[in-house]
Amino acid sequence: MGIAASAAVFAAPISLSDAIAMAKANNSQIKAEKAKVEMAESGQTEARSRFMPQLSLTASVTKINDPIYIDLGEIQQGLSGLAGGLATVGPAAVYSKAYIDAYNKAQAGYEQAYAGAMAQGMSEAQANAFAQEKVGGTAQEIAQQTADKYAADSKQQLDAAKAKIDDADFRMKVQDDVFFNARLTAIWPIFTGLKIYSAYDAAKENVNAKKAAFDMAQNTILMDVATKYFTLRLAEELTVLRESTKKNLEEHLARSKKLEEGGQISKAERLRAEVALAEAENALEDSYRDQTLARLALASLLHTDTNITAITPVLAPEQTLAMEEFKQLAMDRHPGLRQLRTERKRSQDAVSAARADYFPTVALFAYKELYTRDLTLLEPDWAVGAKMQWDLFKGGETRSKVSNAKALDRSLSSMEEQTMDNIGLLVEKRWREMEHAKSRLESLKKTRELAEEAHRSQTLAYEAGLATGLDVVDAELALSRLQVADLKAHYDAVVAWLGLLEASGEVVNAGEMLKNVKPVEEKTAEVSKPEEPKPAEPAPAAVETVPPAVETVASDSTNAAASPSTKVIANPEGVKQSTAADSAPADSAKAPEAATPATPAN
């Protein structure tokens, strides 16, 4: 007990806002959902990139079994035969043409020289001799010599050409057995039947869906954090209450022992005080254990150590929205509903994407060969163009895709309607729970005042010898039960209010909303506490005992009975009456507590 109490003393105080901030920063599930949002945003960037042209560089090295050749042997044979035929008939044709050309040229020269000689007065014989000498002989001789020479040269050339054709290798290598290529390619789809746009819109809605899923997960986790936070606060106040009850019962037992020694009370009354104290000690041990478990549960959600204590009071705001306003807020902001709506938009994009298969796909392309050494004769260095693909028949696949997408949209529409109905019902349920808890608080307010007054009067009567120790113990336990019921009603109101915030996706702001909420006022019951109890003189007293007049709500049910109150009608002579100076207020802090079972009076 001492270790638990000292640990609570040195615990770090955190408010609800601090707990929510720590959960947002440290909770593993929230981090996981946030990573999914980042993945969806990356997918949206990827979808956007499909609007741009794609540029790629490819390179490869290939080894084939043998080099690739083009065999032109038949062409070689034809050319060789043609060359042989020309070598046979070609010299004759060359001879004839050369003879005619040489004869005409020699004859023209002879006639010109002969005419010149005759003009100089030479005789015909002299002129003939002069002309032949000048042209180099007769025209027939010159033509014969020239034609023979041309014919011989022609035959020699044709024979050489035929030999060269016969010796040449008429196989062309078009591809080595090892070759390398490198190509830069660009492709730009310019029309896809809105398929790219639909895919991008779906990716964008997927980001919204993941954000809604993140808000949904965060909303649920923060609701759990807030609930466990107030559970810890409840357990801490319960511990304070039970410590106060134990202290009061210890003081009552000490007074009972002194009164027993003076012969004013029976042993049974003292034993009843001891039993009540033992039960209070057990309840306090349970309170410490519950507080430790609540602290462990909260620390696990916050991913921190257990050296924490809650300081935000268990108190819902007095001013809240009306039920219809909460309903409208939930319809607008509930993360699950937002997620369904974004999924519906994605399904509508899926319909558009499926219909895109009815249209052709058109794209521009271009490529440039970066390594041209190993290119074949049929491969260009670069090329640009456009291509189209239109799937005219796919066996009804496109129609099935469209029908499937439409069915999904109808399904999500029905789910959205059902979810809206469920959210409206949830808001109304939690609103009524909060109103019920507030009405319980109002009914408990006066009942608690009565219990405190009953406790004070019973204590004074006991000190005056006009009430039994059992009456004091019952009054103490009844007051404790009233304090528990009061805090339990506050706790129920806070949890119902948090449920309304969860339905409207506003749990993250719960800490800010409670920033200015004042703590629940701690009330103390006035208990008569004389400095030194002393025996009272025996004297008759007219005491009127009133039946149980205090009824309250226990921690898990609606009502729990308080202790009977004793009304002092007259005070006999010789009995000292307690005054305000003789009594001190007992310590009674508000905290949640399970109702202590009543012990039968001896």
Side-chain angles (χ1 to χ4, degrees), residues 3-39 210-240 286-317 333-336 430 487-488 490-520 591-592:
I3 296 176
S6 62
V9 170
F10 295 104
I14 61 170
S15 65
L16 180 60
S17 296
D18 297 333
I20 289 175
M22 292 172 68
K24 289 171 63 178
N26 301 331
N27 187 269
S28 299
Q29 189 174 349
I30 291 179
K31 290 181 179 179
E33 293 298 328
K34 189 174 182 180
K36 291 180 182 179
V37 174
E38 294 173 355
M39 290 171 58
K210 293 301 180 183
K211 287 181 178 178
F214 168 77
D215 292 341
M216 184 73 176
Q218 179 175 265
N219 202 45
T220 303
I221 293 168
L222 294 184
M223 176 66 183
D224 196 17
V225 168
T227 303
K228 285 182 170 56
Y229 178 89
F230 284 114
T231 301
L232 173 59
R233 178 62 182 168
L234 206 62
E236 291 173 343
E237 293 189 3
L238 172 61
T239 302
V240 174
D286 292 342
S287 177
Y288 282 130
R289 184 179 64 253
D290 293 342
Q291 182 178 338
T292 300
L293 292 176
R295 186 172 285 111
L296 283 171
L298 180 59
S300 175
L301 284 175
L302 303 183
H303 277 236
T304 185
D305 56 37
T306 57
N307 191 30
I308 54 175
T309 183
I311 59 173
T312 300
V314 184
L315 190 64
R333 299 186 184 180
H334 190 279
R430 290 179 173 173
L487 273 174
K488 182 62 168 62
H490 279 292
Y491 177 80
D492 291 342
V494 168
V495 171
W497 174 72
L498 287 173
L500 288 171
L501 294 185
E502 182 187 19
S504 56
E506 293 291 321
V507 181
V508 67
N509 299 320
E512 295 297 322
M513 295 178 183
L514 292 177
K515 248 185 178 181
N516 299 324
V517 174
K518 296 180 180 179
V520 180

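For reference, positions follow the sequence shown, starting with 1.
- Side-chain N/O atoms of Asn509 and Glu512 include no donor and acceptor closer than 3.5 Å.
- Without hydrogens or angle criteria, Arg295 side chain to Ile308 main chain gives a donor-acceptor distance under 3.5 Å.
- At a threshold of 4.5 Å between non-hydrogen side-chain atoms, the residues Met216 and His334 count as touching.
- Thr309 has its side chain out of reach of Ile14: every pair of non-hydrogen atoms, C-beta onward, lies at least 4.5 Å apart.
- Judged by distance alone, the side chains of Ser15 and Asp18 do bring a donor and an acceptor atom under 3.5 Å apart.
- No side-chain donor-acceptor contact under 3.5 Å links Ser300 to the backbone of Leu296.
- Between Tyr491 and Thr227 the shortest side-chain heavy-atom distance falls below 4.5 Å.
- Leu302 has its side chain out of reach of Asn26: every pair of non-hydrogen atoms, C-beta onward, lies at least 4.5 Å apart.
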Review point. Could you walk me through whether Lys34 and Phe214 pass the side-chain contact (heavy atoms from CB on, under 4.5 Å) check?
Key: CA-CA 6 Å; Lys34 189 174 182 180; Phe214 168 77; 3.8 Å; yes

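- Asp224 contributes no side-chain N or O that, together with a main-chain N or O of Ile221, makes up a donor-acceptor pair within less than 3.5 Å.
- Here the side chains of Leu501 and Trp497 are in contact, with some heavy-atom distance below 4.5 Å.
- The shortest side-chain heavy-atom distance between Leu222 and Lys24 falls under the 4.5 Å cut-off.
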Exercise for review: Determine, stepwise, if the pair Tyr229 / Leu498 fulfils side-chain contact (heavy atoms from CB on, under 4.5 Å).
Suggested key: CA-CA 12 Å; Tyr229 178 89; Leu498 287 173; over 6 Å; no

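- Applying the side-chain hydrogen bond (donor to acceptor under 3.5 Å, both in side chains) test to pairs two or more places apart or on separate chains, those with a residue in residues 210-220 are Asp215-Arg338.
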